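Structure record follows, encoded as structure tokens.
Each ligand, and each atom within it, is numbered from 1 in the order the structure gives. Heads up: numbering here begins at 1 and tracks the sequence. Small disclaimer: the values here were computed from a predicted structure and weren't measured.
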Amino acid sequence: MKKYDIAIIGGGILGTSISYWISTLHDLNVCVIEKEEDVGQHSSTRNSGVVHYPFYLNSKRKKNFSKAAFLSHKMWKALACEKDIPWVQGGTIEIALDEDQHKTLEKYMTFGKSNGLTEEDISLLDSNELKKMEPNLSCYSGLYCTKEGSTNYGLLTKAITEISKKNGTDFLLKHHVKDVEEGSEETKIIFADNSSLTSKFVINCAGGNSLDIAKQFGLLTDYSDLHFRGEYWVADSTIANLVKTNIYTVPRYTQFPFLDPHWIKKANGQTEIGPNAVPVDSPETYESFITDISTVISKIADIVSGSTKKLLLNPDFISLISNEFMSSISKSAMVERVQKFIPAVKPENFPKRGTSGIRTPVISPDGEFVSEMKEVEGKNSFHIVNYNSPGATGAPAYSAFVVKQLQEKGVLPQAGEQKNSIWNFEEIV
Ligand SMILES: Cc1cc2nc3c(=O)[nH]c(=O)nc-3n(C[C@H](O)[C@H](O)[C@H](O)COP(=O)(O)OP(=O)(O)OC[C@H]3O[C@@H](n4cnc5c(N)ncnc54)[C@H](O)[C@@H]3O)c2cc1C
């Protein structure tokens, strides 16, 4: 049976980035375990591709996400440039449709400043200034962030994987973790085909399955999760350039971790609208609403017995979910949401669907959505759950924070000279 020092479960942007740092800093036997044929097949490819800059993130409630997004911007830019991966810095305008929403933009200006953004990065514009910039946009006011843009996170995940591999990390593809057995010195990881390996330490970065895996280690047992599919529609060439920047709107329900559909200028030149947030039964239900009956029954049992049932008593949550559901069934319902700020668009301008992706927010024992990523330590394991947006943007810096923590806890030895890296670890941490 193969033995490792560190086994990382999940070959998404987070697991591969953590493996990358360990491979540049330490001489250890490390593997990344991924159930698919390649890395980055789930959220890390199936996302909006927006490079965020933390003007809208509360620096207290989302401290790690804000810091990571701020620091990662230049890191991804350097890698994209070196590997010839699309990188477009076209900016984002977050718009307010009325005075009330404008107050949220003023709050975002304060968040942005406390997250380190300068007046060159963000500014508040009134409707006349915005009309000059984007004549087809209709709104009350907007917050313009010059640093936001878009890229292809799937390609960045692959690029980071290649460097990690060169530095000696084993990538075990088509290895589906089914079970774990914790011993005093090492953990046995058992795969779907009954093969297994052992590792002295396990890092769980399994995205939409990470809470289930943490529970297999006996952790976070009173937490639950929900899966929401984000769907997109692709704009045809007659309207794709009506507006040149990304457009986000102030969310209607700020207590929930969903944004209303946006107008996205993708790095491949395409314009898309989305994502909505349609409840589905698993982190991989990309089509229809259910995977199979047993998955549905298990999710319903989870909801009825877990913390999620408290959310179902919240009328705002039920109203949000029914609107989101409508926008999945009816393209017109989705386009109507965009017509509020780009009146010229019509349903027939969106002839095909884009690639959908699934977000898995975690619900606390009190029935609240958890606002940050959640880290939890086991005896010989470390778990990251609720790693949602802007997780792709923040992955290079956040993964360095994780590695630093593991060094401080003595899980990883003190680092030697950093090798074969395009980013400087000490500068980031
Ligand atoms: C619709 C949508 C839009 C988004 N838009 C943006 C955006 O514009 N900008 C941004 O910064 N972020 C965005 N995000 C968030 C971002 O994509 C995620 O935070 C990030 O990709 C999460 O990476 P991850 O590595 O944790 O998860 P994943 O990419 O999901 O990786 C987890 C991996 O674990 C593997 N795995 C799971 N279970 C097992 C198992 N049992 N055995 C072996 N392997 C397993 C999976 O196959 C998967 O490859 C968006 C997300 C979604 C869904």
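- Between the side chains of H262 and Y232, no donor N or O sits under 3.5 Å from an acceptor N or O.
- Residue V50 has at least one nitrogen or oxygen atom sitting less than 3.5 Å from a nitrogen or oxygen atom of ligand 1, judged on distance alone.
- Side chains of H227 and T360: a donor-acceptor N/O pair is present below 3.5 angstrom, by distance only.
- Residue contacts with ligand 1, taken as heavy atom pairs separated by less than 4.0 Å, do not involve T45 at all.
- Residue contacts with ligand 1, taken as heavy atom pairs separated by less than 4.0 Å, do not involve F228 at all.
- In terms of protein heavy-atom proximity, atom 16 (C) of ligand 1 is nearest to A392 N, 3.7 Å.
- Counting the atoms of ligand 1 from 1 in the order shown, those under 4.0 Å from a heavy atom of E36 are 47 (O).
- Considering backbone and side-chain N/O atoms, Y232 never comes within less than 3.5 Å of an N/O atom of ligand 1.
- In terms of protein heavy-atom proximity, atom 13 (C) of ligand 1 is nearest to S389 OG, 3.5 Å.
- Here the straight-line distance linking atom CG of L155 with atom OG of S44 works out to 12.0 Å at 0.5 Å rounding.
- Side chains of T285 and S282: a donor on one and an acceptor on the other come within 3.5 Å.
- The shortest contact between atom 41 (N) of ligand 1 and any protein heavy atom is with V177 O, 3.1 Å.
- Atom 44 (N) of ligand 1 has as its closest protein heavy atom K35 N, 3.2 Å.
- Look at F191 and you'll find every heavy atom at least 4.0 Å from all atoms of ligand 1.
- In this structure, K409 and E377 have side chains that are in contact, with non-hydrogen atoms separated by less than 4.5 Å.
- Looking at R359, E34, H175 and measuring to atom 33 (C) of ligand 1, the nearest heavy atom belongs to E34.
- Regarding atom 29 (O) of ligand 1, its nearest protein heavy-atom neighbour is S44 OG, 2.5 Å.
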W423 and Y20: CA distance, side-chain angles, deciding distance, ring-ring contact (aromatic ring centres under 6.0 Å, His included) verdict: CA-CA 10 Å; W423 305 319; Y20 163 84; 5.2 Å; yes

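- Close contacts of ligand 1 with G49, meaning ligand atoms under 4.0 Å from a residue heavy atom, involve 8 (O).
- Nearest heavy-atom pair across G378 and H383 is N-CD2, 4.4 Å.
- Looking at T393, L172, V51, it is T393 that brings a heavy atom closest to atom 11 (O) of ligand 1.
- Nearest protein heavy-atom neighbour of atom 17 (O) of ligand 1: S43 O, 3.2 Å.
- Protein heavy atom at the shortest distance from atom 38 (N) of ligand 1 is N209 ND2, 2.9 Å.
- The residue S356 has no part lying near ligand 1, judged by heavy-atom distances below 4.0 Å.
- The number of heavy-atom neighbours closer than 6.0 Å to NZ of K174, taken from other residues, nucleotides and ligands shown, is 12 or below.
- For Y53 and T92, the side-chain atoms include no donor-acceptor pair closer than 3.5 Å.
- Cation-pi contact between K67 and F401: present, with separation from the ring centre below 6.0 Å and deviation from the ring axis of at most 45°.
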